[in-house]
A.B. asks: 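Here you go, one structure.
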Amino acid sequence: MSEITYIRGDATAPSGKGVKVIAHVCNNRGGWGKGFVLALSRRWPEPEKAYRAWHRDRADNDFALGAVQLVQVGRHLWVANMIGQHGTRTGSKGVPVRYEAIDTALAALAERATGLGASVHMPRIGCGLAGGKWSRVEPLVQERLAARGIPVTVYDHGQESAR
C-alpha cells in the first residue's frame, strides 16, 4: 500500500525515476481546449490527436464514460486520457464530473500502470472545470491506485500543496 504524495509543481513534468503515467480527466463530448489539457498540448501534440481520433471514431471503439486511452509521449512517459466528465458545462443537471466514471477509469488505469511498472502523476483530477470535489475523488485514487501499491503523486500548480 502506498500513500498519495502531494507536491507543488507541474504535473506535465512528473518527478522521480522510472516509467510514469500522467493521468487526467477528459469529457465525453470531444472537447479539448480548456484547463489541464492546454498544458498537455503545449508539451506534446499526441494526447490531443489521439483523444480527438478516439472521439471521432467512437462508434467503432470503447470511447465512453469510464474509458481510458494511454498515449505514449516519451520513452518512459505516457498520458492517460480518462473519460470522467459528462459534457463541459455546469447546468441544471449539475456539474460535469462523474465520480463513477473516474472510479472505473482509475481501476482500468491501475491495471495498465501495474503492467508498465509505472507510477501515476496527476493534477487534482475532476476538480477543475469538471466541478468535482477532491474529498470525493481522493478516496477513489487511494482505493484504486495507492492501495494497490502504485505510487501516486498529486501536483498542485502555483499554490501551496494542501490536502
Side-chain angles (χ1 to χ4, degrees), residues 6-15 20-110 112-113 116 118-138 140-141 144-145 152-162:
Y6 292 84
I7 65 172
R8 196 165 94 188
D10 180 357
T12 67
S15 60
K20 299 177 203 68
V21 176
I22 300 169
H24 72 107
V25 167
C26 301
N27 66 71
N28 65 346
R29 298 284 168 86
W32 182 292
K34 291 185 178 177
F36 183 70
V37 298
L38 294 178
L40 286 173
S41 291
R42 277 193 292 273
R43 285 200 186 259
W44 310 282
E46 298 91 349
E48 179 179 359
K49 284 181 185 171
Y51 169 81
R52 290 190 185 280
W54 191 28
H55 177 263
R56 183 180 57 247
D57 300 332
R58 66 192 176 279
D60 299 317
N61 64 40
D62 66 343
F63 185 96
L65 284 169
V68 178
Q69 178 189 53
L70 242 55
V71 182
Q72 191 165 13
V73 296
R75 186 165 168 228
H76 298 293
L77 186 60
W78 301 77
V79 170
N81 293 333
M82 303 188 307
I83 310 301
Q85 71 179 73
H86 180 65
T88 57
R89 298 180 188 267
T90 297
S92 61
K93 297 193 192 262
V95 294
V97 70
R98 293 296 180 266
Y99 297 110
E100 319 78 44
I102 291 174
D103 188 42
T104 300
L106 288 170
L109 176 59
R112 302 290 297 275
L116 290 168
S119 56
V120 175
H121 304 259
M122 64 180 69
R124 292 184 188 233
I125 58 171
C127 297
L129 297 172
K133 296 189 181 329
W134 187 246
S135 62
R136 298 259 324 258
V137 176
E138 182 185 41
L140 304 176
V141 173
R144 297 298 183 184
L145 300 174
V152 177
T153 303
V154 174
Y155 296 77
D156 288 314
H157 191 78
Q159 61 194 44
E160 288 303 315
S161 179

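Nothing here was measured: the structure is a model prediction, and the numbers come from that model.
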A.B. asks: Taking Tyr99 for its side chain and Val137 for its backbone only, find out whether a donor-acceptor pair lies under 3.5 Å.
C.D. replies: no
A.B. asks: If we only count heavy atoms from C-beta on, is the Trp44 to Leu77 side-chain gap below 4.5 Å?
C.D. replies: yes
A.B. asks: Would you compute the distance between atom NE2 of His55 and atom CG of Asn61 and round it to the nearest 0.5 angstrom?
C.D. replies: 10.0 Å
A.B. asks: Are a donor atom and an acceptor atom from the side chains of His86 and Asn28 found within less than 3.5 Å of each other?
C.D. replies: yes
A.B. asks: Closest approach of Leu38 and Gly33, non-hydrogen atoms and distance?
C.D. replies: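 Looking at all heavy atoms of both residues, the closest pair is CD2-O, 3.3 Å.
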A.B. asks: Counting distance only, does the side-chain N/O of Tyr155 pair as donor-acceptor with the main-chain N or O of Thr12 below 3.5 Å?
C.D. replies: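 Checking the backbone N and O of Thr12 against the side chain of Tyr155, no donor-acceptor pair under 3.5 Å is found.
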A.B. asks: Could you check if a side-chain atom of Thr153 sits within less than 4.5 angstrom of a side-chain atom of Ser119, using non-hydrogen atoms only?
C.D. replies: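 Contact flag for Thr153/Ser119 side chains = no.
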A.B. asks: Less than 4.5 Å apart, any side-chain heavy atom of Pro96 and any of Leu129?
C.D. replies: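 With C-beta onward as the side chain, the pair stays apart.
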A.B. asks: For residues Ala80 and Leu70, report the shortest heavy-atom separation together with the two atoms involved.
C.D. replies: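 Closest approach of Ala80 to Leu70: CB-CD1, 3.5 Å.
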A.B. asks: Is a donor on one side and an acceptor on the other found under 3.5 Å between the side chain of Arg112 and the backbone of Leu109?
C.D. replies: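 Looks like no, no N/O pair under 3.5 Å.
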A.B. asks: Under 4.5 Å between any side-chain heavy atoms of Glu48 and Leu40, yes or no?
C.D. replies: no
A.B. asks: side-chain contact (heavy atoms from CB on, under 4.5 Å) between Ile102 and Arg136: does it pass, once the steps are laid out?
C.D. replies: CA-CA 10 Å; Ile102 291 174; Arg136 298 259 324 258; over 6 Å; no
A.B. asks: Working to the nearest 0.5 Å, report the span between NZ of Lys20 and CG of Leu116.
C.D. replies: 12.5 Å
A.B. asks: Compare every heavy atom of Gly87 with every heavy atom of Arg29, then report the nearest pair and how far apart it is.
C.D. replies: CG-CA, 3.5 Å
A.B. asks: Is a side-chain N or O of Asn81 found less than 3.5 angstrom from the main chain of Pro47, in a donor-acceptor match?
C.D. replies: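 Answer holds: yes.
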A.B. asks: A side-chain contact here means heavy atoms from C-beta on lying under 4.5 Å apart; do Ile22 and Arg43 qualify?
C.D. replies: no
A.B. asks: For atom CZ of Arg89, is the number of surrounding heavy atoms from other residues, nucleotides or ligands below 6.0 Å larger than 12?
C.D. replies: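 Atom CZ in Arg89 is not packed in, count stays at 12 or less.
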A.B. asks: Give the ring-plane orientation class for Trp54 versus Phe63, where under 30° counts as parallel, over 60° as perpendicular and anything between as tilted.
C.D. replies: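 Answer is perpendicular, since the angle exceeds 60°.
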A.B. asks: To check you understand the geometry: which heavy-atom pair defines the closest contact between Trp32 and Ser41, and what is its length?
C.D. replies: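 Shortest heavy-atom contact: NE1-OG, 2.8 Å.
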A.B. asks: Nearest heavy-atom pair of Ala23 and Val120: which atoms, and what distance?
C.D. replies: CB-CG1, 4.0 Å
A.B. asks: Using only atom types and a distance under 3.5 Å, with no angle test, would you say the side chain of Gln69 pairs donor to acceptor with the backbone of Ala50?
C.D. replies: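 Such a contact is found between Gln69 side chain and Ala50 backbone.
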A.B. asks: Nearest 0.5 angstrom please: Ile83 CD1 to Asn27 CG, how far?
C.D. replies: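 The CG atom of Asn27 is 7.0 Å from CD1 of Ile83, to the nearest 0.5 Å.
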A.B. asks: Locate the shortest heavy-atom distance separating His157 from Asp10; write the atom from each residue and the value.
C.D. replies: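 That closest heavy-atom pairing would be ND1-CA, 3.8 Å.
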A.B. asks: Do Trp134 and Val154 have side chains that get closer than 4.5 Å, going by heavy atoms?
C.D. replies: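 Yes, at least one pair of side-chain atoms sits under 4.5 Å.
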A.B. asks: Is Tyr6 close to Arg124 at the side-chain level, that is, under 4.5 Å between some pair of heavy atoms?
C.D. replies: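 Sidechains of Tyr6 and Arg124: in contact.
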A.B. asks: Which distance, rounded to the nearest 0.5 Å, do you find between the SG of Cys26 and the CD of Gln85?
C.D. replies: 8.0 Å
